[in-house]
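Working notes for the structure below.
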Amino acid sequence: MKVFVIGGSGAYDFAKNLFGRLKESITIPTPFGDVSPVYIFDLDGVEYGLISRHGEKKYSITAPFVNYRANIWAARELGTERIIAWTGPGAISECLKPGDLVIPDDVIDFTKKRSLTFFENKGIGFIRQNPVFCPTLQEMLYRYASSMRNTHKGGVYLCTEGPRLETPAEVRFFKSIGADMVGMTLVPEVFLARELELCYGAICYITNYAEGIMEFPYKKGELFEGTLPDEMKASVTETLNAIPEMIKNAVKELYTIERNCPCKDSMLRYKLRGDL
């Protein structure tokens with residue numbers, strides 16, 4: 001199985017048949033603990049796996065408590081070479097609005113307590129992070145995403161610890177250092193995938209404006225979704241609903257091309273040194 005998908009916000013609500021023919025659901029033990037069920041799909045004769053990052057029922061696992069190492073390890077155990085993930089950040093840049101799609105090209109890490117490596121207490125880990133995302137995957141994802149009316153190629157994703165949302169002052173600071181959007185999940189996934197020499201590509205669908213970017217009234221019992229105009233809420237839903245088709249198209253194409261990107265050799269210096 002060459003491709004593995006990490007479903008972000010909304011993955012738990014999608015009907016499974018949107019991703020292909022469901023063959024089975026399996027659990028995979030890892031040295032870092034168990035993972036949520038992995039769904040194996042058949043797509044016109046090729047197989048791929050999908051996991052819901054935030055659990056099986058609604059948003060039952062918040063971002064700081066996702067077992068990122070177990071998820072990435074499980075992908076590798078299945079023989080994965082490439083990972084596609086989606087996530088729903090908030091917009092910081094003025095050029096972004098809810099309902100837009102962004103294929104990011106860089107990351108700023110503002111997490112605080114997450115396990116960022118598989119190689120704790122070892123002399124391994126000096127790995128270049130340029131390009132941050134697999135260029136082959138990002139080009140492909142942009143191609144399939146560009147059919148949407150508001151798709152952006154490139155963007156800086158800033159990852160916070162969560163589960164709380166950001167303060168207006170934090171968002172102003174994030175904007176001043178070049179962040180285009182803020183979320184909670186691409187770190188450490190993208191770094192862990194690099195350590196296992198897996199390609200990693202991401203799709204961001206903008207769910208809201210980050211705190212302080214737009215002034216919306218406070219509504220009891222609701223987050224940003226209750227403050228967005230109806231047309232923006234509809235745009236967010238439309239964009240999210242388009243993700244399964246984009247993923248299926250990308251999966252089918254990925255089975256037809258070889259890996260010629262830097263990702264597959266990211267740990268070569270440690271292999272040559274005899275550490276791996």
Side-chain angles (χ1 to χ4, degrees), residues 3-6 8 32 53 63-64 66-76 80-90 92-93 96 102-142 145 152-162 166 170 173-204 250 254 259-273 275-276:
V3 185
F4 190 85
V5 176
I6 299 176
F32 308 98
R53 185 193 284 122
V66 172
N67 194 338
Y68 296 99
R69 289 194 296 184
N71 289 350
I72 300 297
W73 192 272
R76 205 272 297 270
T80 295
E81 296 178 350
R82 291 159 164 147
I83 293 174
I84 300 172
W86 84 73
T87 186
I92 294 178
S93 171
L96 301 179
V102 184
I103 307 302
D105 60 2
D106 214 338
V107 164
I108 300 174
D109 179 10
F110 263 77
T111 63
K112 299 175 181 178
K113 298 186 296 183
R114 302 184 187 184
S115 297
L116 299 172
T117 179
F118 290 109
F119 303 104
E120 292 180 347
N121 302 313
K122 297 180 181 179
I124 299 175
F126 294 100
I127 311 171
R128 288 191 64 184
Q129 300 298 328
N130 185 18
V132 176
F133 300 95
C134 173
T136 302
L137 275 179
Q138 296 307 81
E139 281 291 334
M140 180 181 299
L141 291 173
Y142 177 72
H152 305 263
K153 187 177 185 179
V156 178
Y157 177 104
L158 188 144
C159 193
T160 60
E161 182 68 20
E166 305 75 33
E170 287 172 333
F173 173 65
F174 297 158
K175 183 177 182 179
S176 75
I177 61 173
D180 296 303
M181 50 198 156
V182 58
M184 299 179 189
T185 52
L186 292 190
V187 176
E189 277 183 3
V190 63
F191 302 139
L192 294 172
R194 180 67 53 87
E195 285 193 342
L196 296 186
E197 298 186 326
L198 307 179
C199 299
Y200 184 97
I203 304 167
C204 297
L254 286 171
R259 294 177 80 200
N260 295 313
C261 54
C263 314
K264 61 185 179 62
D265 295 315
S266 58
M267 302 297 285
L268 182 60
R269 70 191 299 261
Y270 295 109
K271 294 177 179 178
L272 293 175
R273 211 166 72 177
D275 295 329
L276 294 175

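T87 places a side-chain heavy atom less than 4.5 Å from the side chain of C204. The shortest distance between side-chain heavy atoms of M181 and P104 falls below 4.5 Å. For the pair F191 and I72, the minimum side-chain heavy-atom distance is 4.5 Å or more. In this structure the side chain of I83 never reaches within 4.5 angstrom of the side chain of L137, judged on heavy atoms. Residues R82 and C261 form no side-chain contact, since every pair of their non-hydrogen atoms from C-beta on lies 4.5 Å or further apart. At least one side-chain heavy atom of V190 sits less than 4.5 Å from a side-chain heavy atom of V132. With a 4.5 Å cut-off on side-chain heavy atoms, E120 and S115 count as touching.
Here the shortest heavy-atom pairing between D106 and F133 reads N-CE1, 3.7 Å. Across R194 and N130, no two heavy atoms sit closer than the pair NH1-N, 4.4 Å. Listed here is the closest heavy atom pair of I103 and A145: CD1-CB, 4.2 Å. When all heavy atoms are compared, the tightest approach of G155 to V102 is CA-CG1, 4.4 Å. Heavy atoms only, all atoms of each residue included: P262 and P131 are closest at CG-CD, 4.5 Å. Nearest heavy-atom pair across I92 and K175 is CG2-CB, 3.6 Å.
In this structure a side-chain-to-backbone donor-acceptor pair under 3.5 Å is missing from Y200 to A85. Between the side chain of Y270 and the backbone N or O of F126, at least one donor-acceptor pair lies under 3.5 Å. The closest donor-acceptor contact from the side chain of Y157 to the backbone of M184 lies under 3.5 Å.
Expressed to the nearest 0.5 Å, how far CG of L196 lies from CD of E81 amounts to 13.0 Å. We find the OG1-CD1 distance between T117 and I127 to be 7.0 Å, quoted to the nearest 0.5 Å. Between the CG atom of L268 and the CG atom of L276 there is a distance of 10.0 Å, given to the nearest 0.5 Å. Rounding to the nearest 0.5 Å gives a distance of 11.5 Å between CG of L272 and CE of M267. Here CG of L141 is found 11.5 Å from NZ of K153. Values are rounded to the nearest 0.5 Å. Distance check, rounded to the nearest 0.5 Å: CG of L198 to CZ of R76 gives 7.5 Å.
Checking each of D109, I177, D180 against L158 for a side-chain contact (heavy atoms from CB on, under 4.5 Å) leaves exactly one that passes, namely I177.
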Starting from the C-alpha separation in whole Å, work towards a yes-or-no answer on side chain to side chain contact (heavy atoms under 4.5 Å, CB included) for C199 and R259. CA-CA 9 Å; C199 299; R259 294 177 80 200; 3.3 Å; yes
What do the steps show when you test T185 against I6 for side chain to side chain contact (heavy atoms under 4.5 Å, CB included), and what is the final call? CA-CA 11 Å; T185 52; I6 299 176; over 6 Å; no
Intermediate values then yes/no, side chain to side chain contact (heavy atoms under 4.5 Å, CB included), R114 and R69: CA-CA 10 Å; R114 302 184 187 184; R69 289 194 296 184; over 6 Å; no
As a quick check of understanding, evaluate salt bridge (Lys or Arg N to Asp or Glu O under 4.0 Å) for K271 and E197, giving each step before the final call. CA-CA 12 Å; K271 294 177 179 178; E197 298 186 326; 2.6 Å; yes
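In this pair, W73 and F32 present their aromatic rings perpendicular. The plane angle is above 60°, beyond the 30 to 60° band.
Sparse packing is recorded around CZ of R128, with 12 or fewer heavy atoms of other residues, nucleotides or ligands lying under 6.0 Å away.
Checked against a 6.0 Å centroid threshold, the rings of F174 and F110 count as neighbours.
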